[in-house]
There are 2 protein chains.
Amino acid sequence: MKTDLEPFILSINNLDETILQDVTPAFRHYEYPKGYFLLKAGKVCDQLWFMTKGCVRYFYTDENGKEANTWFSLDEQIVTDTISFVTRKPAQESIQVVEDASFYAIDCEAIQRLLKKHHAFALWYIKLVEKHYIEQVEDRIADLQFLDAKQRYEKLTTLYPSITNRISLGHIASYLNITQETLSRIRSGKL
Amino acid sequence: MKTDLEPFILSINNLDETILQDVTPAFRHYEYPKGYFLLKAGKVCDQLWFMTKGCVRYFYTDENGKEANTWFSLDEQIVTDTISFVTRKPAQESIQVVEDASFYAIDCEAIQRLLKKHHAFALWYIKLVEKHYIEQVEDRIADLQFLDAKQRYEKLTTLYPSITNRISLGHIASYLNITQETLSRIRSGKL
DNA sequence: TCTAGAATTTGATCTACATCAAAATGCTTT
DNA sequence: AAAGCATTTTGATGTAGATCAAATTCTAGA
């Protein structure tokens with residue numbers, strides 16, 4: 001039942017059939033419902049997930065227990081807390097499924113083993129890290145610094161037209177770092 | 001005169017002497033004065049620099065020609081526009097020396113060649129990308145979302161105590177995305 | 001040492017978005 | 001279909017930091 005795993009792997013970078021045969025068994029398939037935590041802040045992120053469908057949010061919890069979303073990943077994306085995964089230190093953020101999702105997961109140890117074993121896998125992994133960096137970082141820092149709430153909302157809905165159907169106003173407002181009230185006013189054109 | 005290059009390379013990850021001998025000639029040494037542009041927005045970033053001392057700023061220029069700093073790197077840091085370097089697309093941002101600086105530079109082509117040639121170099125490069133990701137991203141997105149101007153200023157000066165001596169108030173205000181006036185008031189304790 | 005331009009500080013007002021409170025709407029479960 | 005809860009919308013007021021204008025301090029060259 002791993003029919004969609006290989007295309008996902010090969011979409012990152014090509015890998016010879018022989019190496020692919022050694023790589024695919026390192027992945028396991030999971031289905032998680034809305035509300036499930038892939039990662040809780042304070043734990044080391046030990047997995048890297050390929051999400052094939054669904055939606056997750058990344059969020060911080062402040063000292064008062066208030067949550068603040070920093071990101072959403074929808075459908076076919078790499079999901080992990082890169083900093084924790086790389087440093088082996090406890091994650092600052094949590095990752096939670098917000099729409100039932102399926103994943104292929106590989107753990108850190110398997111990656112380290114494959115990196116040492118196959119030069120070609122190391123080249124593949126470089127592409128993965130680069131791709132993930134771009135997904136997570138591109139424009140985001142500049143947007144946070146230079147766009148106001150309305151512009152960021154418009155950019156988000158342009159980039160992910162389905163997001164407003166799939167994620168609640170509260171979650172989106174939290175991501176935009178504005179209140180629900182303000183987002184509601186933006187949506188209705190009063191701002 | 002490449003005495004400090006090898007320690008810098010080895011500080012990323014260990015490399016066997018034989019491979020190191022093949023890697024070091026790919027780097028060239030440069031000294032650039034304040035004001036020099038390592039990268040101008042619109043050009044593809046073709047180089048990766050190891051800065052051994054000095055200071056650079058990363059900034060965007062908006063449609064009105066107004067500049068906004070997104071980052072500073074001081075002294076011993078990796079300097080490059082990762083997105084452009086990886087995607088080979090024109091950079092959105094510019095990188096400029098703000099305090100006379102020395103660098104060891106390697107170009108993209110040399111990296112690609114060495115990646116294919118040496119498995120160990122690929123493992124080294126993974127460490128480099130990870131290190132750079134952490135330098136550039138760690139906490140930064142969360143800080144932008146959750147800290148106010150004063151908190152971000154305090155964090156910046158804690159992280160880089162020398163920054164206020166080395167970088168003008170205008171550049172720092174631009175990075176904090178506040179006006180010079182507001183930063184001046186923060187410094188004097190009026191906010 | 002003097003001077004001009006640049007950098008920084010100070011003051012007064014304005015605005016985007018927050019906060020608090022309440023009303024309206026939508027979604028489940030029986 | 002009604003009840004009950006969660007989500008979204010609306011309204012009134014407060015505040016951090018912007019903007020505009022001017023004064024002050026620093027700094028480099030003559």
Side-chain angles (χ1 to χ4, degrees), chain A residues 33-35 55 57 59-70 72 96-100 142-157 160-191, chain B residues 33-35 55 57 59-60 62-70 72 96-100 142-157 160 162-191:
Chain A
K34 179 173 174 170
C55 177
R57 68 178 180 122
F59 68 99
Y60 283 72
T61 309
D62 70 17
E63 56 283 0
N64 313 316
K66 209 180 141 199
E67 294 176 0
N69 296 323
T70 58
F72 304 105
Q96 186 184 31
V97 173
V98 292
E99 185 180 281
D100 297 0
D143 288 357
L144 276 169
Q145 266 185 346
F146 309 134
L147 303 184
D148 66 17
K150 188 178 177 192
Q151 291 170 317
R152 292 213 295 133
Y153 177 69
E154 280 160 3
K155 186 152 180 180
L156 184 72
T157 52
Y160 296 124
S162 68
I163 207 162
T164 50
N165 313 323
R166 296 173 65 174
I167 299 181
S168 75
L169 175 137
H171 276 322
I172 294 172
S174 165
Y175 165 71
L176 294 169
N177 199 24
I178 59 176
T179 58
Q180 302 191 181
E181 293 94 320
T182 299
L183 178 54
S184 175
R185 283 182 249 262
I186 287 171
R187 277 188 176 172
S188 64
K190 286 168 192 153
L191 271 178
Chain B
K34 179 174 176 170
C55 177
R57 68 179 179 121
F59 68 97
Y60 284 72
D62 71 17
E63 56 283 358
N64 313 315
K66 208 180 142 199
E67 294 177 359
N69 296 324
T70 59
F72 304 105
Q96 187 183 31
V97 173
V98 292
E99 185 181 282
D100 297 0
D143 288 357
L144 277 169
Q145 266 184 345
F146 308 134
L147 303 186
D148 65 18
K150 189 180 177 190
Q151 292 170 316
R152 293 214 295 131
Y153 177 67
E154 281 161 2
K155 187 154 177 177
L156 184 71
T157 51
Y160 296 125
S162 68
I163 206 162
T164 51
N165 314 324
R166 296 173 64 174
I167 300 180
S168 74
L169 175 137
H171 275 322
I172 294 173
S174 165
Y175 165 72
L176 295 169
N177 200 23
I178 58 175
T179 57
Q180 302 191 181
E181 294 93 321
T182 300
L183 178 54
S184 174
R185 282 183 249 262
I186 286 171
R187 277 189 176 173
S188 63
K190 286 169 192 153
L191 271 179

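Below, read A as the first sequence line, B as the second, and so on, with proteins coming before strands; counting in each chain starts at 1.
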Would you be so kind as to tabulate the donor-acceptor pairs closer than 3.5 Å made by side chains of residues 161-170 of chain A, with sequence neighbours excluded?
unit_1, atom_1, unit_2, atom_2, d
A/Arg166, NE, A/Glu99, OE1, 3.0
A/Arg166, NE, A/Glu99, OE2, 3.0
A/Arg166, NH1, A/Asp75, OD2, 3.0
A/Arg166, NH2, A/Gly54, O, 3.2
A/Arg166, NH2, A/Asp75, OD1, 3.1
A/Arg166, NH2, A/Glu99, OE2, 2.6
A/Ser168, OG, A/His171, N, 3.3

Side-chain donor-acceptor contacts of residues 183-191 of chain B below 3.5 Å, not counting sequence neighbours, with atom names and distances?
unit_1, atom_1, unit_2, atom_2, d
B/Arg187, NE, B/Tyr153, OH, 3.0
B/Ser188, OG, B/Ser184, O, 3.2
B/Ser188, OG, B/Arg185, O, 3.3

Show me the protein contacts with nucleotides 4-7 of chain C, counting only N or O atoms at under 3.5 Å.
none

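Under the side-chain hydrogen bond (donor to acceptor under 3.5 Å, both in side chains) criterion, A/Glu67 pairs with A/Arg57, not counting sequence neighbours. Residues passing the side-chain contact (heavy atoms from CB on, under 4.5 Å) test with B/Gln145, sequence neighbours excluded: A/Thr70, A/Leu144, A/Arg152, A/Tyr175, A/Asn177. Under the rule for a side-chain hydrogen bond (donor to acceptor under 3.5 Å, both in side chains), the partners of A/Asp143 that lie at least two apart in sequence or sit in another chain are A/Lys155. Contacts of A/Tyr60 classified as ring-ring contact (aromatic ring centres under 6.0 Å, His included), with partners at least two apart in sequence or in another chain: B/Phe146. Every residue two or more places apart in sequence or in another chain was checked for a ring-ring contact (aromatic ring centres under 6.0 Å, His included) with A/Tyr160, and none qualifies.
On the nucleic acid side, DNA chain D has its first and last nucleotide under 4.0 Å of a heavy atom of chain B at D/dG17 to D/dA21, going 5' to 3'.
Among pairs with a residue in residues 173-183 of chain A, none fulfils salt bridge (Lys or Arg N to Asp or Glu O under 4.0 Å), at least two apart in sequence or across chains.
Rounded to 10 degrees, the angle between the two end axes of the helix from C/dT1-D/dA30 to C/dT30-D/dA1 is 50°, with five pairs used at each end.
In terms of heavy atoms, B/Ala149 sits closest to B/Ile178 at CB-CG2, 3.4 Å. When all heavy atoms of A/Gly35 and A/Gln96 are compared, the pair lying nearest together is O-NE2, 3.0 Å. Of all heavy-atom pairs spanning B/Ser174 and B/Ala68, the tightest one is OG-CA, 3.2 Å.
For the OP1/OP2 pair of C/dT9 and a distance below 4.0 Å, the side-chain nitrogens and oxygens of B/Lys190 include no atom meeting the criterion.
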Assign a letter to each nucleotide of nucleotides 13-20 of chain C from its 5' end: B, base within under 4.0 Å of a protein heavy atom; S, sugar-phosphate only; -, no contact.
----SSBB
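B/Gln151 places a side-chain N or O within donor-acceptor distance of the main-chain N or O of B/Asp148, the cut-off being under 3.5 Å.
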